[in-house]
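Within every chain, numbering begins at 1; the chains are lettered A, B, ... in the order of the sequence lines, protein sequences first and strands thereafter.
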Number of protein chains: 2
Amino acid sequence: MPLGEFDLIRRHFDRPVRHQPLGVGDDCALLAPTPGQQLAVSTDLLVEGRHFLSTVAPQALGHKALAVNLSDLAACGAEPMAYTLSLALPRVDDAWLGAFASGLHALADAHGIELVGGDTTAGPLTIGITVMGQVPPGQALLRSGARPGHVIWVSGWPGRARLWLDAVRGTLRLEGASFEAGRLAMEYPQPRVGLGLALRGVASSAIDLSDGLLGDLAHVLARSGPTSDAALGARIDAHRLPRHPALAGLPEETVLACLLAGGDDYELLFTAPPSRDADVQEAAQRAGVAVHAIGQIVEAPGVEVRDAMGRSLEGPWSGYDHFGTQEGGRA
Amino acid sequence: MPLGEFDLIRRHFDRPVRHQPLGVGDDCALLAPTPGQQLAVSTDLLVEGRHFLSTVAPQALGHKALAVNLSDLAACGAEPMAYTLSLALPRVDDAWLGAFASGLHALADAHGIELVGGDTTAGPLTIGITVMGQVPPGQALLRSGARPGHVIWVSGWPGRARLWLDAVRGTLRLEGASFEAGRLAMEYPQPRVGLGLALRGVASSAIDLSDGLLGDLAHVLARSGPTSDAALGARIDAHRLPRHPALAGLPEETVLACLLAGGDDYELLFTAPPSRDADVQEAAQRAGVAVHAIGQIVEAPGVEVRDAMGRSLEGPWSGYDHFGTQEGGRA
């Protein structure tokens, strides 16, 4: 690519920084964290054909690439500060770059953060984002704080992205409105940053839903236990799972597969002692996000899914094996 | 890739963090910057076939992927803290991963930093690293501080990587020892972190040499000027350029091409007022790195390369257009 194309790329991404001391254009960006706060860092790499289809609208891609990273900050209860972007591009397409950048900038602006550094190269379409946030020492929400008896909560309405994916793959037929609801959930996930902040000091553990609810719950259980005095497991009450209208009228097995093993939800799954139920509801109210209590951490290994009558449900639910199918896994 | 392969990848990269509060395994890593310091951040994306050949030893690749990022911190005078790694892999090869990780960990250990987060996915071999460092407010070395009369300095012995590349491409024949010196310079560049730290408060501007000396000098001139009262340019004294023995015996035109437009040097190019000459030498002595005064910032646009007699030299030297040839450009 000739140097002129660098200028073109730069035009879409270089904007003066307002919140940080130094942005794009020097060897490093400079950020000014609030003195005494810890820095929360997360990184994701999205590869075409694996994390997104070549047909996705570039604006949606820009949104989602940043959203999945902000979702990690949300799961830690961190306040977003800034992000960097690494981009490998097979070709320089002005319209594509403009739309991609607009999706990225719009979400960044909504969260008051800025692009502070980047790297662009020719190559197979790949998007690498590293996001940085801050959190007071000891207040980060970790995966490791779940204890027996703690209530399991989930934000929003998971399952729609999987629904849409099944429809696109042809394994499911969807009405127009449900298809559209699924597409929006898949392409424009809303990172629950405000909820993560509101849950500081309230939630005992948290994770964002990217691998499907049961898969991500397993990560929490693995990091939280076994404790010295108890094996750690969970009970999920299937009838308490929040069901978006787009899931209505579908076979129960399909609904549970979407809810429990959906993936790409970017809702928060978190735990809190039962004594904090009112605080959780208040945090959710402040953040403007619905939350639902869906089960409990128990002193027994494994995860049991129960129906309203207390009967164990069996199903082919499990976390995605994204690798080789469609998603990446965090190292 | 089956989940077992994730475990295998994890085995090579997951190591307990000693210097930071939380490393790999949660939604975010947590870092504890020294209160009041600014955070310096840089990111690079390396793509196979563009930034490195498929034949490069994986250990060298691990070293270099981190080295080029640490070099950006060095150019800012920042103290390295931690880094994240994003990796797209076409296949999981245990021996390759082990060697790659060993190159990475060895350089990280040498600088007292740790891998705190990452993301692994299947895809064309791509390595994304984001490195974080810290620097007291106002002490970062920027590209923008060069002023007329300031002396231009370079560390170490640039030009060897280009020499090796020319030999590999068949445009140049090299003796065994020179070939080996070139290969080492290309594969195991040493980021000048200690020198960058020692130059805090001494250098007026700095950049690391990745695009070739003249190309990177142009970045400094562009960021530093024109000032309100003067256009900004530079004079380079060709006979003062440090010449590594590997360059001996080659045609002067080849030598100057390597020195002035080499690329992949990862030395520091920096400026300082002439009154600070002794301080520069002392900083270099403390860092254990040779530095050479090679020219001066002048009040006239453009860069003039002169010989020992003061005659202007003309040559086809210019910064790489890496994009589409072999290197990426920073957005």
Applying a strict 4.5 Å limit to non-hydrogen atoms, the region of A:Val135 in contact with chain B is side chain

Cut-off 4.5 Å, heavy atoms of chain B, and the answer for A:Met81 is neither

Honestly, the part of A:Gln134 sitting under 4.5 Å from a heavy atom of chain B is neither

side-chain contact (heavy atoms from CB on, under 4.5 Å) filter on B:Ser155, not counting sequence neighbours, yields B:Arg192, B:Leu195, B:Glu267, B:Leu268, B:Val289, B:Val291

Assert top hit (heavy-atom pairs under 4.5 Å, partner chain A, pool B:Thr130, B:Leu141, B:Thr126, B:Leu115) equals B:Thr130

Ranked by heavy-atom pairs below 4.5 Å to chain A, first place among B:Ser144, B:Ser86, B:Ala222 goes to B:Ser86

Bottom line for B:Leu87: the part with an atom under 4.5 Å from chain A's heavy atoms is backbone

Does B:Ser205 reach the main-chain N or O of B:Ser224 with its side chain, forming a donor-acceptor pair under 3.5 Å? no

Of A:Ala32, A:Ala75, A:Ala40, A:Pro35, the largest count of non-hydrogen pairs under 4.5 angstrom with chain B goes to A:Ala40

The interface call for B:Pro21 against chain A, heavy-atom contacts under 4.5 Å, is side chain

side-chain contact (heavy atoms from CB on, under 4.5 Å) filter on B:Leu197, not counting sequence neighbours, yields B:Glu79, B:Val193, B:Arg200

**Asked** Tell me, do B:Leu70 and B:Ile113 make a side-chain contact under 4.5 Å, heavy atoms counted?
**Response** yes

Do A:Tyr266 and A:Pro191 have side chains that get closer than 4.5 Å, going by heavy atoms?
no

Parallel, tilted or perpendicular: which one describes the rings of A:Phe100 and A:Phe13, with boundaries at 30° and 60°? perpendicular

Using 4.0 Å as the upper bound for N to carboxylate O, is an ion pair formed by B:Arg11 and B:Asp94?
yes

Whatever's closer than 4.5 Å to a heavy atom in chain B on A:Val116 counts as neither

